[in-house]
Amino acid sequence: RVQVVESGGGSVQAGESLRLSCTESGYTYSRYCMAWFRQAPGKEREGVAAIHNGGGRTFYADSVKGRFTVSQDNAKNRMYLQMNSLKPEDTAMYYCAVDQDCSGGYPLVALGYIYWGQGTQVTVSS
């Protein structure tokens, strides 16, 4: 049984930082993508960042480039999202997802991901 668990959310002021963690267990494939998505109230879920554990290739949404960094610890089946210079518009529920094919070659598109975590809330106040 595949489990995906996020942690590290919280409430911060604009300009501060947070680090999210995502741990996967039970996935049968050794090579896969892990990705972060977020969803604010009344908005669609959007891809934030992704990483392929085979070579460490990373992918970012334009809205977070230069502020967020995705990384991995393959030994622990864990992915991190370091979020710096947070803005109020970053406020959302952040979800972690896992997929062997990186969502069919589109790692920041939610449709192709099967396994999801329950989410962790990030709130940034001005």
Query - Where at least one partner belongs to residues 57-97, residue pairs that pass ring-ring contact (aromatic ring centres under 6.0 Å, His included), sequence neighbours excluded - result: none

Requested in this report: Report the distance from atom CE of M83 to atom CZ of R67, rounding to the nearest 0.5 Å.
Outcome: 9.5 Å

Query raised in the report: Taking D73 for the side chain and A75 for the main chain, is one N or O donor matched with an acceptor at less than 3.5 Å?
Result: yes

Query raised in the report: About how many Å separate CZ of R19 and CG of L81, when rounded to the nearest 0.5 Å?
Result: 10.5 Å

Query raised in the report: Who pairs with R38 by salt bridge (Lys or Arg N to Asp or Glu O under 4.0 Å), at least two apart in sequence or on another chain?
Result: E46, D90

Query raised in the report: With sequence neighbours left out, what residues match C102 under side-chain contact (heavy atoms from CB on, under 4.5 Å)?
Result: C33, H52, P107

Query raised in the report: Who are the side-chain contact (heavy atoms from CB on, under 4.5 Å) partners of E24, not counting sequence neighbours?
Result: Y27, Y32, M34, N77, V98

Donor-acceptor pairs under 3.5 Å, side chain of residues 114-126 to any protein atom, not counting sequence neighbours: which ones?
residue, atom, partner, partner atom, Å
W116, NE1, Y113, O, 3.0
T120, OG1, G9, N, 3.1
Q121, NE2, A92, O, 3.4
Q121, NE2, T123, OG1, 3.4
S125, OG, V12, O, 3.4
S125, OG, Q13, NE2, 3.2

Query raised in the report: CD1 of I51 to CE of M79: how many Å apart, nearest 0.5 Å?
Result: 8.0 Å

Query raised in the report: Partners of K65 by salt bridge (Lys or Arg N to Asp or Glu O under 4.0 Å), sequence neighbours excluded?
Result: D62

Query raised in the report: Would you say L86 and F37 are hydrophobically clustered, going by side-chain heavy atoms of ILVMFWY under 4.5 Å?
Result: no

Query raised in the report: Looking at S21 and W36, what are the two nearest heavy atoms and their distance?
Result: O-CH2, 3.5 Å

**Report entry** Connected hydrophobic set around L111, excluding itself, where side chains approach under 4.5 Å
**Finding:** Y106, V109

**Report entry** Those residues that, when tested against S25, pass side-chain contact (heavy atoms from CB on, under 4.5 Å) (two or more places apart)
**Finding:** Q3

Requested in this report: Please name the pair of heavy atoms, one in V70 and one in A49, separated by the smallest distance, quoted to 0.1 Å.
Outcome: CB-CB, 4.0 Å

Query raised in the report: Do you know which two heavy atoms are closest between V4 and C22, and how far apart they sit?
Result: CG1-SG, 3.6 Å

Requested in this report: State which residues pass side-chain contact (heavy atoms from CB on, under 4.5 Å) with N84; sequence neighbours excluded, sorted by chain then number.
Outcome: S17, Q82

**Report entry** Results of side chain to side chain donor-acceptor pair (under 3.5 Å) for R78 - residues two or more places apart only
**Finding:** T23

